[in-house]
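So the structure is just underneath, and the comments pick up after that.
All values derive from a computational prediction rather than experimental measurement. We name chains A, B, ... by the order of the sequence lines, and we start the count at 1 in each one.
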There are 2 protein chains.
Amino acid sequence: MRAMARGSTREEILSAAAGLFAADGYKGTSLQDIAAAVGCSKATLLYHFATKEMILATLLAPPVRDLVTLTEQVAGRPAAEAQQQAIEGFVDLVLNYRREIALIFHDLAFLFNESSFADLRDLTDVLGAALAGGAKDPAALVKARVMMAGIALITVDPVEGVDVRAVLIDVARRALVQRA
Amino acid sequence: MRAMARGSTREEILSAAAGLFAADGYKGTSLQDIAAAVGCSKATLLYHFATKEMILATLLAPPVRDLVTLTEQVAGRPAAEAQQQAIEGFVDLVLNYRREIALIFHDLAFLFNESSFADLRDLTDVLGAALAGGAKDPAALVKARVMMAGIALITVDPVEGVDVRAVLIDVARRALVQRA
DNA sequence: GTCTATAGGATGATAGAC
DNA sequence: GTCTATCATCCTATAGAC
């Protein structure tokens, strides 16, 4: 047989890179790391992809494409309908591309896995339990985590003209507190 | 005067590092970058801090300390009371340490600022508007962003034994959809 | 298409003068 | 305490043989 049925080198590179980027982040992964995982040389990587960043761009192209599609679908619909569709569409998109999205947040994993900050996970688990309001089911814990992460992430890009504190508390209560 | 009243070199290093880590991430910031920002040599940095990681650890110590305090405070209280306190306490903690928390998520900023992915911000803005359900006020947009980020971040650390999709859709609806 | 070899530069950290 | 000079290592990317 001339070539292997599965996985041309190019696809093996993408697969290995996806795993390494998700585990160690983009900057935390070197061409050497990818080459070792694939079992080829760095030069081979750069034969198939012009630069390291092109590997990342190729990996992220499908989720970005789906995001474009989703935004097009919700555009111009009645607000309430668009909202429901945006919620379900975004959740599905995220679940379909877990690995690609996880690599965006690699520093989080880095921190949680560094020995010096190992307690962090325990701390957030305790806080998550409190946020779940005593509910012990996994669903409540997932919701608590979603809210912790979401609140933490608004720090990346501040918003003007709002009482951010009040808004964050409100959205967390809506999401987490049982209605009477 | 023997020494400057404000900012010993050590504190100038911490201040410069905080800004650079937040902007470019921990791995994306070199000792050289910090030294240039402070106006000293790399050797001076490493006189004050044993390693680069020690600079990060020093920076993160206060928020971690506050997180410990918060978890202690909610521990052993009635669930409903603990929940309210956890929500407010966590929001305040995040707002108090915006910069320190932002550095954890630097890859996000990296992606959004890379020219190849410049459209991403526009896309998420459109999706955020849809998630806000037609509401135009900044508060609704903040809530939409919180939910997008929170949902995206559950990919970092999957949960077992739940219908994740259903839970995510439920928490997003609770947080975002106006009640009748 | 894949390799070895290497260019050319940045990195974290150290040694030792002042 | 701060510096210059340097080490040893890593990095992305290229050149050229096969």
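- A cation-pi contact, defined as under 6.0 Å to the ring centre and within 45° of the axis, is absent between A:K27 and B:Y26.
- Per the geometry, NZ belonging to A:K52 stands 15 Å off C1' belonging to C:dG9, to the nearest Å.
- In this structure, A:L31 reaches the sugar-phosphate backbone alone: every heavy-atom distance under 4.0 Å involves primed, P, OP1 or OP2 atoms, never a base.
- In summary, the side chains of A:R173 and B:Q83 do not present any donor paired with an acceptor at a separation below 3.5 Å, with no hydrogens or angles considered.
- With a cutoff of under 4.0 Å to any heavy atom of chain A, the contacted region of DNA chain D is bounded 5' to 3' by D:dC11 to D:dA15.
- At least one side-chain heavy atom of B:F49 sits less than 4.5 Å from a side-chain heavy atom of B:L14.
- Between B:R10 and B:T58, the closest side-chain pair of non-hydrogen atoms falls below 4.5 Å.
- Using a 4.5 Å heavy-atom cutoff, the side chains of A:Y97 and B:T155 are not in contact.
- Between B:L46 atom CG and C:dA15 atom C1' the separation is 13 Å, expressed in whole Å.
- When B:M147, B:K143, B:M148 are each tested for a side-chain contact (heavy atoms from CB on, under 4.5 Å) with B:L131, only one passes: B:M148.
- Residue B:S30 places at least one side-chain N or O closer than 4.0 Å to OP1 or OP2 of C:dT11.
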Each nucleotide N or O in nucleotides 4-7 of chain C that has a protein N or O under 3.5 Å away: list the pair and distance.
none

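- Remark: A:D125 does not engage A:R121 in a salt bridge, criterion side-chain N to carboxylate O under 4.0 Å.
- Looking at every heavy atom in both residues, B:V38 comes nearest to B:I13 through CG2-CA, 3.8 Å.
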